[in-house]
Amino acid sequence: MSIRVYNTLTRTKEEFQTIAPGKVGIYLCGPTVYKESHIGHMVGPVIFDTIKRYLAYNRFEVTWVVNITDVDDKLIAQSQQRGIPMSQVATEMTMDYCANLMALGVDQITHMPKATEHIKEIIEFIQRLIEKDYAYESAGDVFFDVRKDSEYGKLSNRRPEEQAGMGGEAASKKRAPGDFALWKEAKPSEPAWQSPWGPGRPGWHIECSAMSHKVLGNSFDIHGGGLDLIFPHHENEVAQSECCHDVPMARYWMHNGLLRSGEAGKVGGRATAEENTADGLEHTATEKMSRSKGAGGLRGLIDRQGGERIRFFLLRTHYRSTIVFSEDRVAEAGGALEKFYLFFERYQRVTGQSFYLDPNHSSNASQRLRDHDGSYTGDSELRENVCELKSEFLRKMDDDFNTGAAMSDLFQLLTALNKFADENRLEDKQPADEPLEAFCQGVETLRELAHLLGLFVTPPVRAVGESDQEATNALVNLLINLRSEARTNKNFDTADQIRDSLGDIGIILEDRQGSTEWRTQ
RNA sequence: GGCGCCGUGGCCAAGUGGCUAAGGCAGAGGAUUGCAAAUCCUUUAUCCCCGGUUCGAAUCCGGGCGGCGCCUCCA
């Protein structure tokens with residue numbers, strides 16, 4: 001039983017072996033906090049949050065670092081444009097980023113170091129590179145000399161000499177066009193820190209090398225980020241770090257696929273299939289999500305769809321694949337979650353306990369360990385089925401964290417449990433003890449596996465406010481009572497009219513034994 | 001030009017050499033229900049095209065067509 005991960009460096013799946021036994025260090029490149037984050041920024045955090053949960057489940061002690069880059073040309077531009085200090089822009093956007101992470105259930109991050117709080121380490125790092133002759137000062141700037149690094153290009157598989165169009169505005173200060181800035185001289189109006197080369201600020205890549213070194217050491221296990229960071233960001237990071245420390249920076253380089261926009265121009269307006277297929281072929285122009293292309297509105301998306309839907313949408317596809325994003329797609333995918341929510345209500349009807357608040361398990365279920373001593377006793381068809389689905393789920397997760405494939409077992413588990421509840425009439429007043437226990441154990445497994453994906457940890461956030469809900473509650477119950485009376489009198493026309501009218505405004509009634517329940521949508 | 005990815009049922013999406021090609025959504029039929037809802041059961045695949053390797057390929061190789069990414073800021 002071993003975990004395999006795809007390594008960008010070798011372009012193969014490799015067996016996962018940690019540097020220190022039982023411990024894992026992960027560094028994920030976080031955002032440059034100059035604007036509100038968009039949906040694309042959530043892909044890496046969500047998959048690595050899941051990876052951390054899974055590694056912890058496999059008895060690893062995991063340290064997961066996500067950096068905040070809070071000094072950068074774009075941040076300076078923002079602060080000047082808005083007329084506020086750069087640090088204020090950074091603080092606002094960092095809070096926005098963290099709020100979005102929380103909404104998507106990303107709560108496993110161990111450290112979030114900021115670049116501006118590590119200027120000293122950054123300067124020391126650069127000094128070391130200069131001493132070792134891998135970097136040079138040039139008129140207030142410091143550059144990394146790519147020609148000194150014989151391994152430069154190994155991650156992205158490209159040779160600097162073959163690159164066209166490199167150099168940028170600082171080209172005249174460089175020895176070679178592929179050289180990149182470690183330290184940038186400050187212009188008069190720009191924020192600056194004192195350094196041996198005069199006032200300035202760090203270049204883009206150096207903060208990650210310095211901070212990962214500080215928190216995780218010379219070598220750590222996993223370095224992650226979006227595919228678009230392979231070049232130049234990660235290529236430059238490896239170059240800096242390995243020239244500085246003379247050991248491999250990271251064992252496994254993991255890169256998540258990017259999101260592409262699949263907006264058909266009908267977001268928010270329930271586009272019907274009939275409308276779209278009128279001309280037979282509708283080629284939706286899709287393009288990569290990026291802030292420069294106007295992707296945005298993550299907060300609104302979260303408000304409308306809920307974080308869990310978005311998380312589910314992202315984990316449905318393998319993390320290295322491109323995902324075509326649109327709100328319609330999120331909404332559509334999220335419909336599948338309803339089946340689980342309805343089941344959790346069923347679970348509550350059967351056991352009288354909330355799926356979420358079970359005092360015995362809720363708080364610890366996500367900390368369950370693999371191969372724990374399960375309380376699975378006796379044998380039955382359900383138990384066998386559950387065990388098999390669980391091992392299938394784990395087998396798929398072992399194979400490069402194949403969350404999309406693993407989800408199918410979650411759905412099959414759900415179906416098995418529903419079927420079992422049907423067949424054993426668990427919603428009757430007095431269900432037999434033995435089947436009830438088997439059922440609860442099955443639910444326990446469902447919870448255990450779902451929590452590995454970060455799903456169903458907390459109740460879904462509904463859009464309705466608290467007080468609204470109370471009023472709605474009272475009102476609907478009133479109508480239910482009226483309808484119930486009509487039904488008792490065999491006045492089904494009236495009963496149906498009430499139910500249909502409620503259905504028209506989005507309230508669904510469900511008749512159970514002796515009572516009627518309702519839900520929205 | 002250099003490096004790289006993708007093309008699986010109406011839609012989304014696993015599977016990368018060998019049982020009847022997962023699962024979800026949508027649709028259809030059935031069970032259940034006073035009628036519904038929920039739930040369960042049943043049901044839909046020339047795996048982009050052509051050639052090759054092989055006893056055997058969606059899966060490997062070559063070619064073609066189509067879509068996309070990076071090489072400039074980007075998760």
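Keep in mind that what you see is a predicted model, and the values were worked out from it rather than measured. Order of the sequence lines sets the chain letters (A, B, ...), proteins ahead of strands, with each chain counted from 1. Values reported hereafter were calculated over all heavy atoms of this structure, with side chains retained and with hydrogens, waters and symmetry mates removed.
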May I ask which nucleotide in the shown strands pairs with B/C47, Watson-Crick or G-U wobble, both distances under 3.5 Å? none
Residues A/Asp96 and A/Arg299 bridged, charged N to O under 4.0 Å: yes
Please tell me which of the listed nucleotides, B/A14, B/U39, B/A38, lies nearest to the side chain of A/Thr317? B/A14
Nucleotide opposite B/C40 in a Watson-Crick or G-U pair, distances under 3.5 Å: B/G30
What does B/C11 pair with, Watson-Crick or G-U, if both distances are under 3.5 Å? B/G24
Is there a donor and acceptor pair, one atom on the side chain of A/Arg320 and one on the base of B/C5, closer than 3.5 Å? no
Between A/Lys396 (NZ) and B/A14 (P), how many Å, whole number? 12 Å
How long is the line joining NZ of A/Lys390 and C1' of B/A22, in whole Å? 21 Å
What's the gap between B/G15 and B/C60 when it is taken at their C1' atoms, as a whole Å value? 16 Å
Answer with base, sugar-phosphate or nothing: what part of the nucleic acid does A/Ile508 contact at a heavy-atom distance below 4.0 Å? sugar-phosphate
N/O (side chain, A/Ser321) to phosphate O (OP1/OP2, B/A14) under 4.0 Å: yes
Rounded to whole angstrom units, what separation is found between the CZ atom of A/Phe313 and the P atom of B/C25? 16 Å
B/G34 base to A/Arg487 side chain: any donor-acceptor pair below 3.5 Å? yes
Check every strand shown and say whether A/Arg519 touches a base, only sugar-phosphate, or nothing at a heavy-atom separation below 4.0 Å. sugar-phosphate
Between B/A13 and B/G23, how far is it from one C1' atom to the other, in whole Å? 8 Å
With centres under 5.5 Å and planes under 30° as the test, does A/Phe492 stack with B/G34? yes
Do A/Thr472 and A/Trp518 come close enough that some side-chain heavy atom pair is under 4.5 Å? yes
Give a yes or no on whether a salt bridge exists between A/Arg304 and A/Glu327, defined as a side-chain N under 4.0 angstrom from a carboxylate O. yes
Which residue lies toward the 5' end of RNA chain B, A/Tyr319 or A/Gly225, if each is placed at its nearest nucleotide? A/Tyr319
A/Phe325 vs A/Ile39 side-chain heavy atoms within contact, under 4.5 Å: yes
Considering only side-chain heavy atoms of A/Asn418, which listed nucleotide, B/A75, B/C40, B/A14, is closest? B/C40
Between B/C61 and B/U54, how far apart are the two C1' atoms, rounded to whole Å? 12 Å
In this structure, how many angstroms lie between the C1' atom of B/G24 and the CG atom of A/Leu337, rounded? 10 Å
Within the structure shown, what part of the strands sits under 4.0 Å from A/His255 by heavy-atom distance: base, sugar-phosphate, or nothing? nothing
Which value, in whole Å, describes the distance between the P atoms of nucleotides B/C6 and B/G10? 23 Å
Looking at the side chain of A/Glu510, which of B/A75, B/A37, B/G34 is the nearest nucleotide? B/A37
Atom-to-atom span, CZ of A/Arg512 to P of B/A37 - whole angstrom: 13 Å
Quick check: any donor-acceptor pair below 3.5 Å linking the side-chain of A/Asp228 to the base of B/G69? no
B/A14 to B/A21 separation - C1' atoms, rounded to the nearest Å: 10 Å
May I ask which nucleotide in the shown strands pairs with B/C35, Watson-Crick or G-U wobble, both distances under 3.5 Å? none
Is there a Watson-Crick or G-U wobble partner for B/U53 with both distances under 3.5 Å, and which nucleotide is it? none
From B/A14, B/G69, B/U39, nucleotide with atom closest to A/His318 side chain: B/A14
State plainly whether the residues A/Asp72 and A/Lys184 are in salt-bridge range, i.e. N to O under 4.0 Å. no
Short side-chain donor-acceptor distance under 3.5 Å, A/Glu237 and A/Tyr27: no
On RNA chain B, check which nucleotide each of A/Leu342 and A/Glu332 is closest to and give me the residue with the more 5' one. A/Glu332
Donor-acceptor pair between A/Ser37 and A/Asn100 side chains, under 3.5 angstrom: yes
Please classify the nucleic acid contact of A/Gln412 as base, sugar-phosphate, or nothing, using heavy-atom distances under 4.0 Å. sugar-phosphate
Whom does B/G66 pair with, Watson-Crick or G-U wobble, provided both distances fall under 3.5 Å? B/C6
Expressed in whole Å, how much space separates the P atoms belonging to B/A58 and B/C73? 44 Å
Side-chain atoms of A/Arg329 come closest, of B/C12, B/C35, B/C25, to B/C12
Under 4.0 Å, counting only non-hydrogen atoms across every strand here, what does A/Arg483 touch: a base, just sugar-phosphate, or nothing? base
What does A/Asp496 touch in the nucleic acid at a heavy-atom separation under 4.0 angstrom: a base, only the sugar-phosphate, or nothing? base
Taking atom types as they are modelled, is there a donor-acceptor pair under 3.5 Å from the base of B/C35 to the side chain of A/Asp511? yes
OP1 or OP2 of B/U39 less than 4.0 angstrom from a side-chain nitrogen or oxygen of A/Thr415, does that happen here? no
Salt bridge check, A/Arg395 against A/Glu392: does any charged N sit closer than 4.0 Å to a carboxylate O? yes
For atom C1', what is the distance between B/G64 and B/G7, given to the nearest Å? 14 Å
Using a strict threshold of under 4.0 Å (side-chain N to carboxylate O), is an ion pair present between A/Lys173 and A/Glu185? yes
Rounding to an integer number of angstrom, what distance separates B/U59 and B/A22 when you compare their C1' atoms? 16 Å
Counting any heavy atom closer than 4.0 Å, what does A/Lys339 reach on the DNA or RNA strands: base, sugar-phosphate only, or nothing? sugar-phosphate
Base, sugar-phosphate, or nothing for A/Gly224, non-hydrogen atoms under 4.0 angstrom? nothing
